[in-house]
2 protein chains.
Amino acid sequence: MLRTELASQGAAPKIARPVPLRESVFEALLELILTGHLKPGQHLAESELAGLLGVSRQPIREALQLLSGEGWVDLHPGHGAFVHAPTVEEADQLLAVRTLLETESAKLAARHSTPDGVQRLRALCARGLAAVEADDVDASVAINSELHAAITELSGNKVLAELASQVSRRVRWYHTPVARKRGRDSWREHTELVDAIAAADEDRAAEIMRKHTEHTRSSYLEQREAEPIEAAPEPTRRRRPRSPK
Amino acid sequence: MLRTELASQGAAPKIARPVPLRESVFEALLELILTGHLKPGQHLAESELAGLLGVSRQPIREALQLLSGEGWVDLHPGHGAFVHAPTVEEADQLLAVRTLLETESAKLAARHSTPDGVQRLRALCARGLAAVEADDVDASVAINSELHAAITELSGNKVLAELASQVSRRVRWYHTPVARKRGRDSWREHTELVDAIAAADEDRAAEIMRKHTEHTRSSYLEQREAEPIEAAPEPTRRRRPRSPK
DNA sequence: CAACTGTATGCTGTAGGCGGTCTACGAGAA
DNA sequence: TTCTCGTAGACCGCCTACAGCATACAGTTG
């Protein structure tokens, strides 16, 4: 059925292909990782994926490189690709970096806030609250990402926004269970944050964002202790080199 | 002659190739960009580079993707690769992000400083000062990178270290002229910074690093106003799509 | 003279194939 | 029984080839 999915996109291959195949493959593989069909530590054989998605190995290779660049898979030259298996320590550090970037973004967003921008943020808050009320966790997580992205954009620093977005995407991997637990609190904090940005209060915006992300972080760590991410079954066909360097 | 360079690496292709060709290509291309042989905005035709380096298009493509991931080239699907042309604004934002990451690194390095780590930093400072005394700008810049990398590593946060290193590498592109101007001052600040880290004085270390990187930033901006980076001559064979999106 | 259209060329994106290395596994020796 | 070695299979990295789109240019028309 995955084959079908991509094949349908390729159903009109001779007419026009505005989007390179590698990006479709990228998203398809990312989806498989996020949904857990491809488990952390698992070896990803190019031929296998190529057959699964109904394309040749070339787009698979390129998509794997893109995934590697964003930290989703590890490339071991001569040994192929493996789904990245984040340790608790690494997740913790990632969340710490996220706090740093998002806090700075919030500060700058408050400094450069515009009525138009604030209105967009408020709209996202409303949608997020609605999603929480409806117990739609997936939507809540998605809108959460949108809101944070909007704030980083509002900061006016594109480099910062891009970096924060990248880090946030990785965080999203293990974000869902946390959202389930503290969805309502999280969105209340979001609302306060937007108020601070609207008031152009840099320090308060930064402080709220710092507490907000730190809160998420500790929640995540508790969660993680309770339910470690399931790893790939041992019989991974190809072993990683002993020195993962 | 470039062909020779890579060909020599491939001179023993049948025995063992511990390092994939794409990484050699990556470094070769990066060198060409840094030295200005490939100018900002220039279109990079795969076949051309393949011929130049004496390899096929495949490793070239993969190297270009790696370069794209680190912000050295822009990939426009269907239109090929272009050497990234940083605007003054973007460079400014990049340097601001660098300040943020490096400041946090310095703070954490002070918090987690070890005698062993401090000793490494001092050794680098000594080498840096020696390079400045000898008017060896290139060495000074290189050792500067090493020092900053060592500090980020000492922070204990690998994610932060990786991000900071990536940002710093990009900064290095336009760093050299600055180093020429304020080499001595820069290394004096480094020494103070290491002292603060050795004393485990988080706040002081952070403050020194902040000032240090801000200083570099303003120096760079002055420099840039005076000598804009030379761009590719207009007759770039292939135009970028109008909406660079 | 300007704008448009048809044609030619170059380049990208993808497929398929080859050589070499790594892993796994079974047979033989200590 | 355990360790070593040889063999077979699988997979990766790279090369070559092809199809389709984008661009540039020349000819044509208003």
Side-chain angles (χ1 to χ4, degrees), chain A residues 3 6-7 9-26 28 42-68 73-82 234-244, chain B residues 3 6-7 9-26 28 42-66 68 73-82 234-245:
Chain A
R3 184 188 191 98
L6 275 186
Q9 193 257 354
K14 313 193 170 175
I15 305 177
R17 177 158 20 222
V19 174
L21 210 44
R22 63 159 172 269
E23 298 190 11
S24 318
V25 172
F26 174 92
Q42 179 174 347
H43 173 64
L44 301 176
E46 294 171 1
S47 331
E48 199 176 329
L49 297 177
L52 183 67
L53 299 181
V55 300
S56 81
R57 278 176 49 214
Q58 174 84 4
I60 299 286
R61 283 180 68 82
E62 303 196 354
L64 287 176
Q65 300 221 356
L66 292 180
L67 288 166
S68 163
V73 310
D74 300 322
L75 253 41
H76 297 269
H79 295 210
F82 298 80
E234 253 325 301
T236 299
R237 294 219 17 89
R238 218 173 175 83
R239 261 207 310 262
R240 304 211 308 239
R242 18 209 156 298
S243 148
Chain B
R3 185 189 188 98
L6 276 185
Q9 193 258 355
K14 313 194 170 176
I15 305 177
R17 176 154 25 217
V19 174
L21 207 43
R22 62 161 170 267
E23 297 191 10
S24 318
V25 173
F26 174 93
Q42 180 174 349
H43 174 62
L44 301 177
E46 296 170 2
S47 332
E48 199 175 329
L49 297 177
L52 183 68
L53 299 181
V55 300
S56 82
R57 279 177 49 212
Q58 173 89 3
I60 299 284
R61 283 180 70 84
E62 303 194 354
L64 287 176
Q65 299 218 358
L66 294 180
S68 161
V73 310
D74 300 321
L75 253 42
H76 296 270
H79 294 213
F82 298 79
E234 251 327 301
T236 299
R237 294 211 24 85
R238 218 176 176 83
R239 261 206 310 262
R240 304 213 306 242
R242 17 206 156 299
S243 148
K245 192 202 171 185

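Numbers restart at 1 for each chain; the letters A, B, ... are given by sequence-line order, proteins then strands.
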Undergrad: Identify, with sequence neighbours excluded, every residue that meets side-chain hydrogen bond (donor to acceptor under 3.5 Å, both in side chains) alongside B:Glu62.
TA: A:Arg61, A:Gln65, B:Arg22, B:Gln58

Undergrad: Just the rounded figure in Å: distance from P of D:dC14 to CG of A:Leu75.
TA: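 In whole Å, D:dC14 P and A:Leu75 CG are 11 Å from each other.
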
Undergrad: Is any side-chain nitrogen or oxygen of B:His43 closer than 4.0 Å to OP1 or OP2 of D:dT23?
TA: no

Undergrad: Taking atom P of D:dT23 as reference, at what distance in whole Å does atom CZ of B:Phe82 sit?
TA: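 Roughly 9 Å, once rounded to whole Å.
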
Undergrad: Can you tell me if B:His79 touches the phosphate of D:dT23, counting only side-chain N or O atoms and a distance under 4.0 Å to OP1 or OP2?
TA: yes

Undergrad: Check the distance between D:dG13's C1' and A:Glu62's CD and give it to me in whole angstrom.
TA: 14 Å

Undergrad: Could you give the CG-to-P distance, from B:Leu53 to D:dC14, as a whole number of Å?
TA: 13 Å

Undergrad: To the nearest angstrom, how far is B:Ile60 atom CD1 from D:dG13 atom C1'?
TA: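 Distance, rounded to whole Å: 14 Å.
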
Undergrad: Can you tell me how far the CG atom of B:Leu66 sits from the CG atom of A:Leu66, to the nearest 0.5 Å?
TA: 9.5 Å

Undergrad: If you measure from CD1 on A:Ile60 to CG on A:Leu53, what distance do you get to the nearest 0.5 Å?
TA: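 Reported to 0.5 Å precision, the distance equals 4.5 Å.
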
Undergrad: When you compare the protein's N or O atoms with those of nucleotides 16-18 of chain C, which come within less than 3.5 Å of each other, and at what distance?
TA:
| residue | atom | partner | partner atom | Å |
| --- | --- | --- | --- | --- |
| C:dG17 | O6 | A:Arg57 | NH1 | 3.4 |

Undergrad: Quick one: sort the B:Phe82 and B:His43 rings into parallel, tilted or perpendicular, breaks at 30° and 60°.
TA: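 B:Phe82 vs B:His43 ring planes: tilted.
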
Undergrad: Scan A:Leu44 against the nucleic acid and name what it touches under 4.0 Å (heavy atoms): base, sugar-phosphate only, or nothing.
TA: sugar-phosphate

Undergrad: For the side chain of B:Arg61, counting heavy atoms from C-beta on, which of D:dG13, C:dC11, C:dG13 is nearest?
TA: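 Nearest listed nucleotide: C:dG13.
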
